[in-house]
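When a residue number appears, it is its place in the shown sequence, counting from 1. Hydrogens, waters and symmetry mates play no part in the numbers below; they use all other heavy atoms, side chains included.
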Amino acid sequence: MNVRLYSQLLVLTALFVASSPVSRSAQGAAQDSIVFRPEVERQFVEAMRLFQAGRYDSAAVLFAKNVREYPRTHRSTGSSIMGAKAWYMTGNYKESVKLLKDLLDLYPESNYVPDAHYTLGLNFFKMSRFEDAAAELLTVRQTAHDPKLVSRSERLLDLLCSSNLSLAELQLLLADANIDLTRALIGLRMAEKIYQSGDIKASTDLLRTIGALPPNVKYVGDALTLLEGIQKGGVLKIGVVLPLMLRSEKPAAREVGIEFLDGIQFAADEFNRDAAIKVALEIRDSERDPSVSARQVTELCNDDKVVAILGPVSSGEVFASAGVSNMKGVPLITPTGTSNGIAAIGGYIFQANPDYDVRGRAMAQYAFDKLAERRFGVLAPVDAPGKLIAEAFIDQVKKLGGELVDVQWYQSGATDLRLQLATMRQRALEKSEVPFIDFSAKLKKTNIDKMLIWGVNPQVVDSLSEHEDSAFVTFLFGPNGARIADSLAIPTGLVKLKYDSLGLPVHNVDGLFVPIASSDEIPVVSSQIKFYNFQSQLLGTGEWNDASELDQNQQYTNGVIFAVDSYVDSKDQSYRAFVSAFQKVNKKKTPGVNTLFGYDAAKLLLQVIGKGATHRNEIAAELPKIKGFSGHHSKISFTSSRVNTYLVMMQYKNHTMRKIGEIDLSQTVLSPPGN
């Protein structure tokens with residue numbers, strides 16, 4: 001709860017408790033029976049004594065008994081209002097509301113009616129029914145004559161309008177405002193919220209309407225002051241292009257775009273509350289159509305006040321529109337576009353989500369640096385994006401000086417990978433074979449002389465020749481025996497392993513990288529890798545992030561490590577504070593991952609603007625300097641390539657998914673070959 005609002009409520013509650021109908025019995029008589037009943041009076045006086053002593057439970061019971069057992073007496077309305085107040089003080093808001101509604105229904109002309117509406121407002125506030133609370137307080141402010149009650153209701157109404165009501169709720173409340181003061185109060189708070197959302201025109205139009213009211217009306221002066229400040233201040237426009245699907249008749253089609261917009265709008269509202277310069281969102285619907293996206297981006301670029309664009313969110317739409325944005329010199333940030341080459345369109349285009357190239361390179365770098373793996377196998381789909389990610393992985397392994405034992409490709413969705421895995425298994429085992437030299441009569445003396453010149457022990461050579469024995473090249477020349485024997489042109493042989501014996505495990509592939517096309521491939525791929533007895537660390541991409549599939553195939557998938565572009569720590573205090581604030585203004589709606597993508601991209605842009613980059617070229621110059629920006633879905637780091645280089649590493653083990661590390665290629669110094 002807003003601290004100021006809470007403290008105000010304490011004051012109002014104290015004033016509320018102090019009020020009592022004891023000295024105003026005649027006021028309520030308009031609807032009460034004129035029949036005086038001694039037993040009713042005695043019970044009422046006793047209930048009042050208990051109330052004033054702070055024994056609210058007992059008082060409430062007696063007041064309610066008076067109402068129930070002695071209807072239509074001289075204390076009916078007094079018992080109703082005081083019983084409601086007693087129940088309120090005990091926290092039994094439902095009983096309090098029931099008594100008050102009965103009072104209003106049975107005695108609509110009672111002098112306690114304004115007090116009843118006010119007490120209803122307090123109950124609804126405690127029940128978090130803020131819209132109902134505001135409606136009751138508005139009624140009090142517009143109908144009551146008691147100066148204290150009028151003042152208290154206005155103060156609480158003002159706080160509700162400022163802190164607890166949405167724009168839509170304020171609009172409905174304004175329709176019921178029938179005096180100048182309440183119209184000015186509600187209209188002013190609406191204008192403030194509209195201004196914070198970035199809709200400068202709507203805000204100024206509303207403020208002008210309030211300013212036209214008589215100048216002696218409270219809040220009119222505040223409205224004119226705000227209007228003057230807005231007109232003197234500047235406003236920057238941020239274009240937003242999302243698949244809002246406004247023309248679709250299916251509400252589900254709009255969900256993705258709305259989620260992104262929720263996050264972007266919330267970030268803008270946060271920024272506008274405190275920033276000296278305000279931002280306004282120019283929101284456009286891409287309709288999931290690349291040609292529409294291009295048209296919308298073009299229109300935004302032609303508006304000189306638009307300093308940057310957020311979106312589109314799909315790679316196809318970005319490719320269709322980013323060229324225009326770059327040519328016009330308008331920074332464009334796509335929150336989720338992942339295809340290679342988007343940012344390469346030009347210096348004004350930014351990808352807040354890692355592309356396929358970053359994903360492949362990051363996994364290779366992590367496996368090399370953090371897992372100390374040096375020999376790799378790759379099993380990947382032959383079509384994008386798996387192929388592009390795999391190619392980046394392969395390229396990074398080569399740059400790092402690692403060894404590629406084998407690379408195999410398959411069609412996405414394939415269920416039979418026997419040929420690929422059998423081939424990889426054979427090539428891996430072949431690399432396990434150590435060459436030997438046969439010292440039988442077939443070995444020429446010139447080859448023996450080469451060995452002796454190289455430095456092989458003569459006694460060892462004589463013994464091997466005498467017994468016509470054989471020896472591994474590593475025994476004769478050391479770890480690099482195969483290369484040395486080859487350079488000396490000495491004939492060697494291999495001890496053939498039984499490749500088709502699946503009981504023989506493959507140990508010389510440290511990491512097996514499998515960038516599957518979808519989580520549907522998890523059971524197919526993992527079970528067949530296990531069948532071919534690869535004793536390797538299984539490495540993957542975000543498509544492995546499916547707890548259900550991993551659990552169902554735990555005997556094959558246990559220990560898999562994969563990279564993800566979104567990781568939410570629900571226990572993080574800053575994230576929990578964000579969710580609480582978001583739900584407060586979005587009717588307890590839980591922010592989804594798309595909301596977080598939108599919020600983080602907008603927050604990143606607004607951070608740059610807040611530090612003084614208010615022109616297109618300034619924003620484009622500052623964005624590549626961003627390193628380790630902490631968003632709620634992930635971090636964002638840019639380099640001169642203008643692509644986010646940060647990913648989180650996850651591991652599935654023993655039915656649990658956990659974060660085991662992170663990698664930011666913008667902060668990584670490539671290890672030299674061999675290290």
Side-chain angles (χ1 to χ4, degrees), residues 338 340 354-432 499 505-545 556-557 559-564 647 649-651 663 665 670-671 673:
T338 53
N340 290 346
D355 63 10
Y356 302 142
D357 187 73
V358 167
R359 292 165 195 261
R361 293 184 186 279
M363 180 52 78
Q365 190 75 44
Y366 185 84
F368 204 89
D369 289 347
K370 302 299 182 181
L371 305 179
E373 296 175 353
R374 295 296 181 268
R375 293 169 297 183
F376 300 93
V378 176
L379 176 65
V382 73
D383 47 351
K387 185 174 188 294
L388 295 171
I389 296 174
E391 288 174 342
F393 179 92
I394 293 166
D395 186 62
Q396 190 75 358
V397 167
K398 291 178 179 177
K399 286 183 177 179
L400 294 169
E403 178 185 354
L404 282 165
V405 175
D406 192 31
V407 177
Q408 291 292 323
W409 305 96
Y410 67 92
Q411 292 290 336
S412 297
T415 58
D416 186 353
L417 304 176
R418 288 178 296 177
L419 176 61
Q420 291 88 341
L421 289 170
T423 302
M424 183 181 292
R425 174 182 170 80
Q426 178 173 338
R427 290 177 181 171
L429 291 175
E430 284 177 352
K431 290 180 180 292
S432 298
Y499 307 130
V506 177
H507 287 293
N508 66 329
V509 176
D510 299 329
L512 181 52
F513 183 52
V514 190
I516 55 177
S518 74
S519 61
D520 293 338
E521 296 182 355
I522 289 176
V524 174
V525 170
S526 62
S527 62
Q528 294 187 55
I529 289 173
K530 189 76 171 180
F531 178 78
Y532 280 92
N533 208 353
F534 282 87
Q535 303 297 307
S536 310
Q537 172 62 60
L538 192 55
L539 306 172
T541 47
E543 285 68 29
W544 286 84
N545 191 19
Y556 312 124
T557 61
V560 61
I561 293 174
F562 51 89
V564 296
L647 286 161
M649 295 295 165
M650 304 288 292
Q651 184 172 40
I663 185 165
L665 291 184
L670 297 184
S671 304

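A ring pair (Phe, Tyr, Trp, His ring centres under 6.0 Å) check over residues 512-537, counting only residues at least two apart or in different chains, returns the pairs Phe393-Phe513. Annotation: salt bridge (Lys or Arg N to Asp or Glu O under 4.0 Å) contacts involving residues 406-419, sequence neighbours excluded, comprise Asp406-Arg427, Asp416-Arg418. Among pairs with a residue in residues 379-394, those fulfilling salt bridge (Lys or Arg N to Asp or Glu O under 4.0 Å) read Lys387-Glu391, at least two apart in sequence or across chains.
Of all heavy-atom pairs between Ala384 and Leu388, the closest is CB-CD1, 3.9 Å. Shortest non-hydrogen contact noted between Asn508 and Ala428 is ND2-O, 2.7 Å. Residue Ser536 comes nearest to Val509 through the heavy atom pair OG-O, 2.7 Å, listed as atom of the first residue, atom of the second, then distance. Scanning both residues, Val358 and Leu665, for their nearest heavy atoms gives O-CD1, 4.0 Å. Between Gln528 and Thr415, the shortest heavy-atom contact is NE2-O, 2.7 Å. In this structure, Val405 and Lys431 approach most closely via the heavy-atom pair O-CE, 3.5 Å.
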Identify every side-chain donor-acceptor pair in residues 519-526 under 3.5 Å, counting partners at least two apart or on other chains, and give the distances.
from: Ser519; atom 1: OG; to: Asp546; atom 2: OD2; distance (Å): 2.9
from: Glu521; atom 1: OE1; to: Tyr410; atom 2: OH; distance (Å): 2.6
from: Glu521; atom 1: OE1; to: Ala517; atom 2: N; distance (Å): 3.1
from: Glu521; atom 1: OE2; to: Gly413; atom 2: N; distance (Å): 2.8
from: Ser526; atom 1: OG; to: Ile522; atom 2: O; distance (Å): 2.6

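Remark: Glu543 engages Thr541 in a side chain to side chain donor-acceptor pair (under 3.5 Å) (not counting sequence neighbours). Every residue two or more places apart in sequence or in another chain that forms a side chain to side chain contact (heavy atoms under 4.5 Å, CB included) with Asn545 is listed here: Phe562, Val564, Met657. Checked against side chain to side chain contact (heavy atoms under 4.5 Å, CB included), Asp510 has the following partners two or more places apart in sequence or in another chain: Glu373, Arg374, Arg375. Qualifying side chain to side chain contact (heavy atoms under 4.5 Å, CB included) partners for Gln651, counting only residues two or more places apart in sequence or in other chains: Gln537, Ile561, Lys653, Arg658, Ile660. Partners of Asn533 by side chain to side chain contact (heavy atoms under 4.5 Å, CB included), not counting sequence neighbours, listed by chain and number: Arg425, Pro505, Gln535. Under the rule for a salt bridge (charged side-chain N to carboxylate O under 4.0 Å, His left out), the partners of Arg361 that lie at least two apart in sequence or sit in another chain are Asp357, Asp395.
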Apply the test side chain to side chain contact (heavy atoms under 4.5 Å, CB included) to residues Leu421 and Gln408: give CA-CA distance (whole Å), side-chain angles for both, the deciding distance (0.1 Å), then the verdict. CA-CA 8 Å; Leu421 289 170; Gln408 291 292 323; over 6 Å; no

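Side chain of Ser412 to main chain of Pro381: no donor-acceptor pair is present (N/O by atom type, distance under 3.5 Å, no hydrogens or angles).
Put simply, the side chain of Leu538 reaches to within 4.5 Å of the side chain of Trp544, judged on heavy atoms. No side-chain heavy atom of Ile389 sits under 4.5 Å from any side-chain heavy atom of Met363. Looking at Leu400 and Gln365, their side chains come closer than 4.5 Å, going by heavy atoms from C-beta outward. A heavy-atom distance below 4.5 Å is not found between the side chains of Met424 and Gln420.
When each of Leu539, Ile529, Val560, Leu417 is checked for a side-chain contact (heavy atoms from CB on, under 4.5 Å) with Val514, only Ile529 meets the rule.
Rounded to the nearest 0.5 angstrom, Phe368 CZ and Lys399 NZ are separated by 13.5 Å.
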